[in-house]
Amino acid sequence: MRSDQSHLRGLNPEQRQAVLHTDGPVLVLAGAGSGKTKMLVHRISHLIRSGKAEPRQILAVTFTNKAAREMRERVAAFAGDAAADVVISTFHSLGVRILREHGEALGLPRRFAIYDTRDQLGALKTAAAEVHIDDDRFDPHRVLRRISDWKTRGVTPSAARREVMAEPTRGDRSDDYAVLSADAYGKYQEVLRACGAVDFDDLLLLPVRLLEEDEEVRRAVWKRWRYVMIDEYQDTNGVQLDLARHLAGGRRNLCVVGDDDQSIYAFRGADVRNILEFERHFPGAEVIQLVQNYRSTKRILAAANAIIRGNPHRHEKTLRTDNPIGPPIDLYEHEDEVAEAETVAKEIGLRRYRHGTRWSDYAVLYRTNAQGRVLEEALREKGTPYRVVGGTGFFDRKEIADGVAYLRAVAHPDDEIAVRRIINFPTRGIGRTTVMRVAELARSRRTGFCRMLTQVGDDDVGAAQARAIAAFQALLDRARRQLRKAEEHTATHPPGSKLTPIAEWALELFRNGSGLIDAVADDEHRVHNLKDLVGAIARYERKRWADRPDAEQAYEGRPVLAPEGWEPPTLHDALARLALDQEEDDEEDDDTDAVVLMTLHSAKGLEFDEVFLVGLEEGILPHSRSIDEAPAGDPLAEERRLLYVGLTRARTRVTLSRCLTRKRGGEAVETLPSRYLDDLPDEHVNLKSADAILTPEESAELRQNFFKDMKEMLEG
DNA sequence: CCAGGGGTCCTTTTT
DNA sequence: GGACCCCTGG
């Protein structure tokens, strides 16, 4: 329970006072690598130890589950057992928590579904079909972005319509496109409600609405949390600012930490002004600046500072460090992305051997997920262990989306989007025409799509189709009955060595109930993925039981009475968790030694010994989309910040690279160097031109390395 | 009315 | 590697 206070030592007494003791609003404006999150951990443990608050009255909010997990661990290391009761949650999980307790006031079902982007797209298409939008320029993704934009600013459909009408007309068809989007927004919300579902934006928006409109909810929340902390505050959007205000309440014990130079989420509504104008939003706020960097070498900081200086409108600050100057930054120029990837793979192999480092000391960062593929290939070829963080999510895989849709169709009886997805997969004779006819019938009889399915007769659709629908309905009914049994069982029986009840039920559903596994049987990989989904449910059930206060007393095979306040695992809850936290594959987490691959966005908040930053070209960084779209403000400022974030992830060494040509749609296209390269200080940058072929000496070196690995493996 | 094949387009960043 | 569209045959 001894704490590492080194970061506090860098503070003067007032700053220390502010971080640890001050009530009222506090803004910690902290540069990269200055120990931002650590400040929050200090504050939390101090609050506990000084007795100013009970652990359960402390709330810390993060953006990602990973950040939440990390903070939980660190707080536990500082404050011991008491830390378990501190509520550390992501914004979205917090939203679920509030909605679960109070959501019924908004007409939300107790068990609401959470829609991801894919479901949102489905809902929007359903909505569009209902208002007969057949505009050929109707681009669902674009409309969805627009809708999300409104929602993150707390704009209702009717307000959106007014907003659109009030906009100066450009006189072209984009005007009616805007109106179209506003109309689609209203309908989209109706579809969500009819499905008993919320999207990610609702998870923030609806709690705020509750807090605004319901005195009782407001009081409950104020009573619940006395000290509120928010990490990465620069990434908050309009709705999150409102939420922060409500959570802080009249006490205003709100401590936020962030760095405006690391604001990289404007595309999903984040508003840097929230951190820049914190003192205006929370008058009397204490502001502390931290510019001491504990992470990187002097050279890396010099480069990072030089890059970020190019941005206007920022809290001016220059990071400094007592760390050594470090090696120069290498800049490689490659023929194409394949050569780039091969050189990265080769360099990592060599350096690891020469310096006796671990694979996990190296990270390769890129702007777009697509860049990761080539890198993976090169690393695989060399036999280098690697781990891709984020990327094409588990849930983006078709078979997983199908599996989840089955689970949801069972768990949420009104979930039209889920049902439509699986009603004819695997094919069972319910084609497009029939589905459209059912939807039409549902509308004319003013009932829901799912309810309509239980009522269609031979006159409504063909006899064969009616039979197929009845069979599908029977499938769902049977699955529901079996689920009820599984849930009863899992509620009273601690998990043993066998597969947990809900997971086992899901496997049965995939295997026999739905025929899903048969449908993908020819692809081993997909079958494996479906089993992973089952595994995720099992992990959830076990975790639920592990969280039970009397878990030790509970033993296998014997029903035990649930203690007060403990909720047994349910499919619905498992789905909510799955939607919010796409936890990585269980075993191969942090402890496996592997090179890490990820986007610059995913890298924020992390640090590595050596960082490779690839694809420093116009069109990649800055990305062409952000160059083209250039709305108000300057989107390019954000691209610059991305590079800043990338550079400041490294402790000792940064290696940059760009390609002279890059494949675009099968064609190799010439590229231009990223404009940001000009801003790097020459004296710290080493221009290299590399080829990926190993010299004989290097080959020998790597061969030896290979034998060393084998030996270690055999010994270990 | 349904299933399956083949062609075409695109692909920022994430809870 | 997808998602989507159109075409053909049953």
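The model shown is predicted, which means the values in this text are computed figures rather than measured ones. A note on names: the letters A, B, ... follow the listed sequences, proteins ahead of strands, and every chain is numbered from 1.
Note: CG (A/D202) to P (B/dT15) measures 18 Å, nearest angstrom. In this structure, the NZ atom of A/K151 is 18 Å from the P atom of B/dT15, given to the nearest Å. If you take CZ of A/R118 and P of B/dT15, they are 17 Å apart, rounded to a whole angstrom. Atom NZ in A/K604 sits about 10 Å away from atom P in B/dT15, given to the nearest Å. Atom pair A/R625:CZ and B/dT12:C1' shows a separation of 7 Å (rounding to whole Å applied).
The nucleotide whose nearest atom lies closest to any side-chain atom of A/T90 is, among B/dT13, C/dG1, B/dT15, B/dT15. Taking every side-chain heavy atom of A/T64 into account, B/dT15 is the closest of B/dT12, C/dG1, B/dT15.
Salt bridge status for A/D271 with A/R273: present, with a side-chain N to carboxylate O gap under 4.0 Å. Looking at A/E70 and A/K66, no side-chain N of the basic residue comes within less than 4.0 Å of a carboxylate O on the acidic one, giving no salt bridge. Looking at A/D261 and A/R641, no side-chain N of the basic residue comes within less than 4.0 Å of a carboxylate O on the acidic one, giving no salt bridge. Salt bridge A/D523/A/R526: present, at least one basic N to carboxylate O contact under 4.0 Å. A/R146 and A/D149 are not joined by a salt bridge, as no carboxylate oxygen comes within less than 4.0 angstrom of a charged side-chain nitrogen.
Counting non-hydrogen atoms under 4.0 angstrom, A/S602 reaches the backbone sugars and phosphates but no base. Counting non-hydrogen atoms under 4.0 angstrom, A/F63 reaches the backbone sugars and phosphates but no base. A/D201 comes within contact range of no nucleotide atom at all, as no heavy-atom separation falls under 4.0 Å. Residue A/K125 is classed as a sugar-phosphate contact, given heavy-atom separations below 4.0 Å to backbone atoms only.
Residue A/S626 has no polar side-chain atom (N or O) positioned under 4.0 Å from OP1 or OP2 of B/dT13. Taking only side-chain nitrogens and oxygens, A/N369 comes nearer than 4.0 Å to OP1 or OP2 of B/dT13.
In this structure, A/R373 places its CZ atom where only 12 or fewer heavy-atom neighbours from other residues, nucleotides or ligands lie under 6.0 Å away.
Between the A/D202 side chain and the A/L206 main chain, no donor and acceptor come within less than 3.5 Å of each other. Judged by distance alone, the side chain of A/H601 and the main-chain N or O of A/I264 form a donor-acceptor pair under 3.5 Å.
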The contact string for nucleotides 1-7 of chain B, one letter per nucleotide 5' to 3', using protein heavy atoms under 4.0 Å with B, S and - for base, sugar-phosphate only and none, comes out as SSSS---
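If you check residues 267-275 of chain A against DNA chain B, the residues with a heavy atom closer than 4.0 Å are A/F267, A/R268, listed by number.
The stacking criteria are not both satisfied for A/H92 over the base of B/dT15, which would need a centre-to-centre distance under 5.5 angstrom and an angle between ring planes under 30 degrees.
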* **salt bridge (charged side-chain N to carboxylate O under 4.0 Å, His left out) evaluation trace for A/R467 with A/D458** => CA-CA 8 Å; A/R467 240 191 339 270; A/D458 295 6; over 6 Å; no
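Both A/R367 and A/A579 lie close to DNA chain B; mapped to their nearest nucleotides by heavy-atom distance, the more 5′-ward contact belongs to A/R367.
None of A/R367, A/R675, A/H623 except one satisfies the side chain to side chain donor-acceptor pair (under 3.5 Å) rule with A/E639; the exception is A/R367.
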